[in-house]
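Only this structure's heavy atoms are used, side chains among them; waters, hydrogens and symmetry mates stay out. Since the structure is predicted, the reported quantities are computational estimates derived from the model, not experimental observations.
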Amino acid sequence: MAFTKGRRVVGAATALVGAGAAALVMAAPASAAVTSLQITTPSGYGSVADRYGVGCEYDVEVTINNARPRSDVSYIAQGPDGKASNVGTKKASGTTATFEFKPTVPGEYTLQARQIDNVNDQNQETWVEKKVQVGRAIATPDTGSVELPFSDSCIILAP
C-alpha cells in the first residue's frame, strides 16, 4: 500500500511540475513580428490594375504586432533578376515602419519585411512576403501648386 501511495505522490508532483511549466510557456510574451506588408501608393488603373511601374516610387507600410523599443524592422525588395534593391532598416513608429519601393526593371518583385531581434541573433523572425507585378511606365512630374490630372503619379504603359 505504501508503495502505491508513493507512486501517487510522485505522479501528482510530476503532473503539477508539468502544468506549471506549461503555464510559464503559455504566459511568455508574444514575439514581435510583421503582421502585414502593403504598398499604400495606388497602383495602375484599368487593364493594368494591381501593377506598378518601373521608375515610379511607392510607399510600403510594414505593420508589426509588438514594437519592441530596441528592435528594428528590415525590408528588402527582390527583383525578377534576383537582385535585392531598396534594402533598408528602420525603427518602427508605434507599430508601423514605412519604406520606399522603386522598381528598376519590369517583372515580378518579392517584397519582404521582418522585425529584427537586436538582442539575440539566434531568435530572428521569419520574413513576411508580398509578390507584386511591375510593368513599363512613365513617372509624371510633380507640377507644384498647379493640380493637373495624373501629376506626381505613374502611368503604367504595359504589363
Side-chain angles (χ1 to χ4, degrees), residues 18 21-159:
L24 286 174
V25 168
M26 293 170 81
S31 63
V34 171
T35 58
S36 73
L37 182 152
Q38 62 184 354
I39 298 176
T40 57
T41 309
S43 65
Y45 301 99
S47 64
V48 289
D50 297 326
R51 293 210 181 246
Y52 299 89
V54 169
C56 301
E57 293 182 14
Y58 301 95
D59 290 331
V60 176
E61 184 178 272
V62 176
T63 305
I64 57 174
N65 67 357
N66 179 17
R68 293 185 273 195
R70 295 186 335 202
S71 295
D72 299 325
V73 177
S74 187
Y75 164 79
I76 296 173
Q78 187 173 17
D81 55 2
K83 293 182 182 175
S85 62
N86 304 125
V87 177
T89 300
K90 291 184 178 179
K91 292 221 178 288
S93 175
T95 57
T96 61
T98 303
F99 297 91
E100 183 182 280
F101 171 51
K102 188 172 182 178
T104 55
V105 296
E108 183 178 77
Y109 281 74
T110 302
L111 308 183
Q112 299 175 309
R114 73 177 180 181
Q115 189 168 20
I116 303 168
D117 187 330
N118 290 342
V119 178
N120 183 357
D121 278 346
Q122 303 301 316
N123 191 27
Q124 296 298 342
E125 298 297 331
T126 57
W127 292 95
V128 171
E129 294 185 351
K130 178 179 183 72
K131 298 213 182 273
V132 297
Q133 297 297 320
V134 173
R136 289 175 290 157
I138 297 174
T140 59
D142 184 355
T143 57
S145 61
V146 179
E147 281 296 319
L148 297 174
F150 302 110
S151 68
D152 194 26
S153 66
C154 191
I155 299 171
I156 314 293
L157 300 174

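For the residue pair T41 and Y52, the shortest heavy atom distance occurs at O-CE2, 4.0 Å. In terms of heavy atoms, C56 sits closest to P103 at O-CD, 3.5 Å. Nearest heavy-atom pair, A92 versus A97, reported as atom, atom and distance to 0.1 Å: CA-CB, 4.2 Å. Contact record, A113 with L37: CB-CD1, 3.4 Å, taken as the closest heavy-atom pair. Pairing each heavy atom of T104 with each of Y109, the nearest pair is N-OH, 3.0 Å. What you find for K91 and D72 is that their closest heavy atoms are NZ-OD1, 2.9 Å.
Once rounded to the nearest 0.5 Å, the distance linking NZ of K83 with CD of Q78 reads 12.0 Å. The OG atom of S36 sits 9.5 Å away from the NZ atom of K130 when rounded to the nearest 0.5 Å. If you take CD on E57 and CG on N86, they are separated by 9.0 Å, rounding to the nearest 0.5 Å. Note that CG of L111 is 5.0 Å distant from CD1 of I39, once rounded to the nearest 0.5 Å. Between R51 atom CZ and I156 atom CD1 the span is 9.5 Å, to the nearest 0.5 Å. Between the NZ atom in K131 and the OG1 atom in T110 there is a gap of 3.0 Å [rounded to 0.5 Å].
The ring of F101 has its center no closer than 6.0 angstrom to the ring center of Y75.
Under the 3.5 Å distance criterion, with hydrogens and angles disregarded, no donor-acceptor pair is assigned to the side chains of T96 and T63.
Both cation-pi conditions hold for K90 and F99: the charged atom is under 6.0 angstrom from the six-membered ring centre and inside a 45 degree cone around its axis.
The shortest side-chain heavy-atom distance between V134 and V54 falls under the 4.5 Å cut-off. No side-chain heavy atom of E108 sits less than 4.5 Å from a side-chain heavy atom of P80.
T89 contributes no side-chain N or O that, together with a main-chain N or O of S74, makes up a donor-acceptor pair within less than 3.5 Å.
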Could you give me the CA-CA distance, side-chain angles and deciding distance for V128 and V62, then say whether side-chain contact (heavy atoms from CB on, under 4.5 Å) is met? CA-CA 10 Å; V128 171; V62 176; over 6 Å; no
